[in-house]
Amino acid sequence: MAFLSYLISGLGLGSVYAIIALGYSMVYGIAKMLNFAHGDIIMAGAFASFFAMTAAGMPLIAAAAIAMVLCTLLGVTIERLAYKPLRNASSLSVLITAIGVSYFLQNAAQLMFGSDTKIYPTVLNGSFSLFGGQLSVSYLSIVTILTCVVIMGALTLFINKTKTGKAMRACSEDKGAAVLMGINVNRIISITFAIGSGLAAVAAVLLCAAYPSVYPTLGSMPGIRAFTAAVFGGIGSIPGAFLGGLMLGVIETFAKAYISTQLSDAIVFAVLIIVLLIRPTGLLGKKVSVKV
Amino acid sequence: MKGLLNWLFGAKRRSRTISFMIVIVSYIVLSLMIASGSLSRLMISLLVPVCAYIVAALGLNLNVGISGELNLGQAGFMSIGAFTAVILSGIFSANGMNPVLILLICIIAGAVMASVIGWLISVPVLKLQGDYLAIVTLAFGQIIMSLVNNLYVGFDANGLHFAFVTNTLELAEGGKMLISGPMGATGVSTASTFTAGFILVLCALFVVYNLIDSRSGRAIMAARDNRIAAESVGISVSRTKTLAFVISSCLAGAAGALYALNYSSFVATKFEFNDSILLLVYVVLGGLSNMSGTIISTALLVILPEMLRFLQFYRMLIYAVVLIVIMLVSNNEWLKVKAEQLKKKLTGKRKGVQQS
C-alpha cells in the first residue's frame with residue numbers, strides 16, 4: 001500500500017513537472033532555444049496568485065486565472081523585447097540572454113516583494129481513504145493529475161486539429177518553408193510563448209498548493225527539473241514532455257522514499273544519464289539524420 | 001628586434017602574445033598597486049578568485065569555443081579540484097609542510113583528479129550531441145554537487161576516514177573534520193596567493209594556446225566545423241572531443257584547488273549550476289575561441305557585482321540588464337555591419353603602413 005501511495009504522490013509531483021516541461025518543450029520545438037527564464041515565469045505566477053488570494057481575497061480559480069493572464073503577458077513581452085531581436089543570432093547568445101532575463105526576474109521580484117519566504121494559503125487539503133483506510137490519497141494529487149491530463153489532451157487537440165496548431169507544426173519542421181507558405185512565424189512564436197507561460201502559471205498554483213512557500217528563487221529548481229524532464233522525454237516532443245515529467249516525478253518520489261532523501265537529486269540525474277545513453281534523443285525524441 | 005616583434009606579433013602568434021601581455025601587464029600593475037597600498041581590501045580579496053575563474057573559463061572556452069560542445073557542468077569539475085585540495089591540504093598541513101609546496105601538490109592533484117573524472121564522464125557524454133550533451137554535463141555537475149554535499153571526511157593520527165550521507169566518523173584525539181557534508185570544508189589552511197594565481201593563469205594560457213596550434217587542436221576545430229568532413233579525412237572525432245573535454249576539466253580542477261585554498265571554509269553549493277552558467281557567461285561575453293576576451297570578461301564580470309555594491313539591492317538587477325543589453329547590442333545586424341566597415345578601414349590603413 002505504501003508503494004501505491006508513493007506512486008500517486010509521485011504522479012502528482014510529476015504532473016507539475018510535466019506541465020512546466022510542456023512549456024519548455026514547445027518553445028524549444030518552435031524557437032529552437034532553451035528558455036532558462038521559464039522557471040522564473042513560474043515564480044511570477046506564484047507571486048501573482050499569492051497576492052490575488054491574500055491581498056485581494058479572491059477565490060482560487062480567479063487567482064489562477066489572473067496569474068495565467070499576467071504570466072502570458074509577461075512571457076510574450078519578454079519574447080518581444082529580449083528574444084525577438086536575436087532571432088538570427090547564435091543559440092549561445094540566446095541562451096545567455098535567457099539567463100539574463102532569469103536573473104532580472106529573480107532580482108526584480110526580490111526588490112518588489114522582499115526575499116523572505118511567504119506562506120501560500122492552503123487551497124485544497126484533506127484526503128480520502130481507499131481499501132478500508134489502508135491507502136489515503138490527497139485530493140490535491142488527484143486534482144493535479146487530472147489538470148495535467150486535461151491540459152495534455154487539450155494541447156494535443158490544439159496542435160493536431162486547429163489551423164494555428166498546424167502552423168506550429170510547420171514552424172517546428174522547417175521555418176523557411178513555413179514562411180513561404182504564408183505563415184507568420186513571429187506570430188506563431190509569440191503564441192507558443194503565450195501558451196508556455198500560461199501553463200507555467202497553472203504549474204505555479206499547483207506547485208504552491210503542494211509546497212506552500214513563495215520566494216524569488218522559487219522557480220529555479222522546478223525549472224531545472226522540468227528541463228530535465230523535457231530532455232528525458234525527447235525535447236521538442238509534446239507527449240515526450242508529458243511522459244518525461246511523470247516519470248521524473250515518480251522516480252524522485254521513489255528515490256526519496258526508498259533510498260535517500262539527500263541523494264534524490266543525484267539519483268534523478270543518474271537515471272537521466274542512463275536513459276540518454278540507451279536512447280540518445282530521449283524516450284520519444286525523433287532521431288534526425290544529417291544529409292551530406 | 002624587428003625579427004622578434006614580427007615573431008611575436010605575426011599572424012600566427014598575435015593573439016597568443018596579446019593574451020600573455022594582458023596577464024603579465026595586469027599582474028605588474030596590480031602588484032605595484034598592492035605595494036603602494038592603493039588597492040582596497042575588497043579588491044585584493046578578489047584577486048585569487050578572479051585568477052581561479054579565469055583558469056576555469058579558459059578551460060570552458062576550449063570546450064565550448066574550440067571544440068564546440070556546450071558544457072553546463074564546469075563548476076562540478078572545479079568542485080572536484082577544490083575538495084581534493086581540501087583533503088590533501090588537511091593531511092599535509094597537519095605534518096607542517098611548506099604552504100607553497102602544499103599549494104603546488106594540491107593544484108596538480110586537483111587537476112589530475114578532475115581530468116580522470118572528466119575522462120570517465122566524457123565516455124558516455126560525448127556519445128550524445130547538441131543539447132542532449134549539454135544536459136548530461138548539467139546532470140553530472142548536479143550529481144557531483146549532491147555527492148560532495150553528503151560527504152564527510154575526517155583526518156586523525158590513524159589516517160583518513162570517510163563517511164557518506166550520515167556523519168558516523170569517530171575521530172581519535174587531535175583529529176580534525178576536513179569536509180562535513182552540507183557544512184562544507186572547514187578549517188582549511190589557506191595557501192593561495194595572487195602570484196600563484198598569476199602563474200596558474202600563465203600555465204593555462206600556455207596549455208590552451210599550444211593545444212590550439214597543434215595538430216590535435218586543428219583536428220578539434222575541424223571536427224567542430226564539420227563533423228562529417230573531419231571524419232572523412234580520418235580524424236577520430238570522439239578522440240579529439242575527449243581530448244578537449246579532459247583538458248577543460250583538468251583546468252577547472254586546478255582552478256578549483258586554487259580557489260579552495262584561498263578560503264578557510266566554503267560549502268559544496270559554492271559550485272552549483274548557477275556557477276557553471278556564470279562561467280559560460282564569461283566565455284560567451286568574451287567571445288567564443290577568444291582567450292584574451294575570456295580573461296578580460298571574466299575579470300570584469302567577477303568585479304562588476306562588487307563594484308555595483310553601492311547600488312545595494314539594484315546591483316544584480318543592473319547586472320542582469322547589462323547582460324541582456326550586451327547580447328542585444330553585440331548581435332545587432334546594423335551595428336555589426338558598421339563595425340565590419342570600421343575594422344576594414346583600420347586594418348586597411350595598418351597594412352599600408354607596414355608596406356611602406
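Scope of the values below: all heavy atoms of this structure, side chains included, with no hydrogens, waters or symmetry mates. Each chain gets a letter, A, B and so on, in the order its sequence line appears, and its residues count up from 1.
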Is it the backbone or the side chain of [X] that comes under 4.5 Å from a heavy atom of chain A, or both, or neither?
{"X": "B/V283", "answer": "neither"}
{"X": "B/V284", "answer": "side chain"}
{"X": "B/L317", "answer": "both"}

Verify the ring-centre separation between [Y] and [X]: is it less than 6.0 angstrom?
{"X": "B/F77", "Y": "B/F271", "result": "no"}
{"X": "B/F273", "Y": "A/F227", "result": "no"}
{"X": "A/F269", "Y": "B/F140", "result": "no"}

Against chain A, work out which of [options] has the most heavy-atom pairs shorter than 4.5 Å and name it.
{"options": "B/R227, B/M327, B/M145", "result": "B/M327"}
{"options": "B/L147, B/L328, B/L133", "result": "B/L328"}
{"options": "B/N331, B/I326, B/L323, B/I135", "result": "B/I135"}
{"options": "B/L280, B/V321, B/I144, B/V325", "result": "B/L280"}

What are the two closest heavy atoms between A/Y17 and A/P222, and how far apart are they?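 Looking at all heavy atoms of both residues, the shortest contact is CE2-CA, 4.5 Å.
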Name the region of [X], side chain, backbone, both or neither, that has any atom closer than 4.5 Å to a heavy atom of chain B.
{"X": "A/L111", "result": "side chain"}
{"X": "A/T228", "result": "both"}
{"X": "A/V101", "result": "both"}

Options [options], ranked by heavy-atom pairs under 4.5 Å with chain B, top entry:
{"options": "A/I224, A/I96, A/T97", "answer": "A/I96"}
{"options": "A/L263, A/L34, A/I235, A/L277", "answer": "A/L263"}
{"options": "A/L105, A/V231, A/N107, A/L276", "answer": "A/N107"}
{"options": "A/S90, A/S93, A/P85", "answer": "A/S93"}

Between A/K84 and A/E79, does any NZ, NE, NH1 or NH2 come within less than 4.0 Å of an OD or OE carboxylate oxygen? no
Run the salt-bridge test on A/R169 and A/E173 with the 4.0 Å N-O cut-off and return the result as yes or no.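 Salt bridge between A/R169 and A/E173, a charged N being under 4.0 Å from a carboxylate O: no.
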Counting only heavy atoms not in B/R239 (residues, nucleotides, ligands), do more than 12 fall under 6.0 Å from its CZ? no
Should the heavy atoms of other residues, nucleotides or ligands under 6.0 Å from CZ of B/F164 be counted, would the total exceed 12?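 Enclosed.
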Do the non-hydrogen side-chain atoms of A/M26 and A/S237 ever get within less than 4.5 Å of each other? no
